[in-house]
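Just so it is clear, the model here is predicted, and its values are computed rather than measured. In what follows, chains carry the letters A, B, and so on, assigned in the order in which the sequence lines appear, proteins first and then strands, with residues in each chain numbered from 1. All values below were derived from every heavy atom in this structure, side-chain atoms included, with hydrogens, water molecules and symmetry-related copies excluded.
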Amino acid sequence: MRREKIRGLAPLEQPRSTAELRVRQLRARDLLRGDLEGEELEKHVEESVLATRLEKVLNWGRANAMFPATFGLACCAIEMMSIVSPRYDIARFGAEAMRASPRQADFLILSGRVSIKMAPVVRRLYDQMLEPKWVISMGACSSSGGMFANYAVVQGADKFMPVDIHVPGCPPRPEALLYGFNKLQRMILGNPDPGWRSRYNAAGTEEWARDDSITEGGAEEYARAREVARAAGSPAGADAGAA
Amino acid sequence: MPDAPGLELIAQELNDAHPGSVLETYHDRGQACLIVDPEQVLAVLGWLRDTPGQEYRFLASLHAADYLPAEPRFGVHYELLNMARVERIRVRAALHDPAAPGRGSSMESPEATAEGKVLGAGAEEAASLPVIDSCVEMFPTAEFQEREVYDFFGIVFRGHPDLRRILMPEEYVGWPQRRDFPVGGEPVIFTHNEREVPRWYE
């Protein structure tokens with residue numbers, strides 16, 4: 001398991017396999033010898049030199065200095081408060097300055113159940129945030145209504161506002177929220193997480209319905225999709241064949 | 001807590017003072033309850049509060065319950081506390097549901113004040129909501145508690161200064177805690193029912 005460096009100084013894109021790493025090493029050797037030229041030279045420079053694109057620098061700055069607008073609605077707020085504590089320090093990622101005002105905040109941690117009376121208020125605060133803005137929906141209640149499948153709770157905050165990261169848990173442990181926050185940072189940096197299946201070498205293990213009643217010829221279609229997924233590796237495999 | 005004979009005594013004195021008010025008494029697990037006629041609930045509460053021997057001057061809770069298949073359908077409960085002796089007594093006003101089939105609108109004569117102040121109910125519905133007197137003058141704490149009962153059961157309190165929804169949003173339609181109100185929420189999609197449950201794009 002390789003840990004992706006969020007500090008992102010260099011290299012900006014991780015090599016995806018040992019073969020790619022070898023290629024990069026050979027290119028570096030050729031560069032030093034003066035043998036690299038043309039398109040290969042440009043590509044190498046682009047891959048290994050910092051600040052090739054202003055956008056990447058901006059993204060790095062955004063990701064590492066995020067101001068959360070904490071919207072502590074219910075019990076998840078307690079775990080959200082605890083990520084500021086020294087044990088689960090969110091200050092090491094630069095996000096300890098929790099801004100009460102939505103105008104000064106970058107992303108919204110929606111922690112807790114959203115009742116239907118509160119939903120327009122949350123939406124208004126979200127609208128008052130300035131671009132770029134993201135939303136982490138923390139906990140089961142804001143992701144899907146949680147244990148409150150009743151007349152008073154909105155079954156998921158993404159029914160009325162866009163959500164980028166859902167963090168499951170009731171409440172999620174502070175480490176889980178920090179992991180969600182790290183995922184958000186990677187999203188901002190431009191290399192979104194391809195998912196646990198790629199990290200644990202579990203590319204073809206998605207479960208599909210196995211009988212024909214979903215579509216005509218459904219079983220073969222799914223078998224074909226599964227082959228494609230296995231061949232292409234997980235990032236494609238997670239999306240392929242979703243009917 | 002008045003014990004069972006004490007409760008019977010209270011019921012008897014109450015019936016002497018206000019005939020026909022106490023319909024039943026109920027003593028279970030050390031808790032005393034008087035079941036009264038909703039028309040006379042103010043008289044009962046006043047008697048319990050002011051009579052020198054009784055002095056239940058503290059309204060601990062005002063809530064309602066829906067006993068749906070049983071008649072009368074609603075019970076408005078007043079939990080009273082005597083602070084000197086630390087004795088609690090419960091008064092249940094047994095209300096019928098005027099909207100129930102077969103009952104007609106024999107419930108109350110149309111109360112202009114009650115309907116004028118009721119918000120959140122359509123004009124045709126206001127006639128079919130159960131009505132009871134408000135005890136706000138006697139126990140000021142009842143103001144919010146009666147609003148909550150109105151919000152969740154649709155029981156209108158005659159004479160309440162500001163009867164509107166307190167917990168649900170003001171435009172909400174329905175009385176959530178009634179027994180025939182659906183629980184709400186969405187069906188959770190598992191593998192075994194994912195084909196039957198329609199998604200948001202269907």
Is it true that, when you exclude B:Gln12 itself, more than 12 heavy atoms of the residues, nucleotides or ligands shown sit nearer than 6.0 Å to its CD? no
If you count heavy atoms of other groups shown closer than 6.0 angstrom to CZ of A:Arg92, is the number above 12? yes
Give a yes or no on whether B:Phe144 atom CZ has more than 12 heavy-atom contacts from other residues, nucleotides or ligands under 6.0 Å away. no
If you count every heavy atom of other residues, nucleotides or ligands that lies below 6.0 Å from B:Arg88 atom CZ, does the total exceed 12? no
Residues passing the side chain to side chain donor-acceptor pair (under 3.5 Å) test with B:Asp28, sequence neighbours excluded, are none
Mind checking which of residues 98-124 of chain A sit less than 4.5 Å from chain B, heavy atom to heavy atom? A:Ile116, A:Lys117
Are there residues of residues 163-178 of chain A whose heavy atoms fall under 4.5 Å of chain B's heavy atoms? If so, which? none
Just checking heavy atoms, which of residues 130-156 of chain A are less than 4.5 Å from chain B? A:Ala149, A:Asn150, A:Tyr151, A:Ala152, A:Gln155
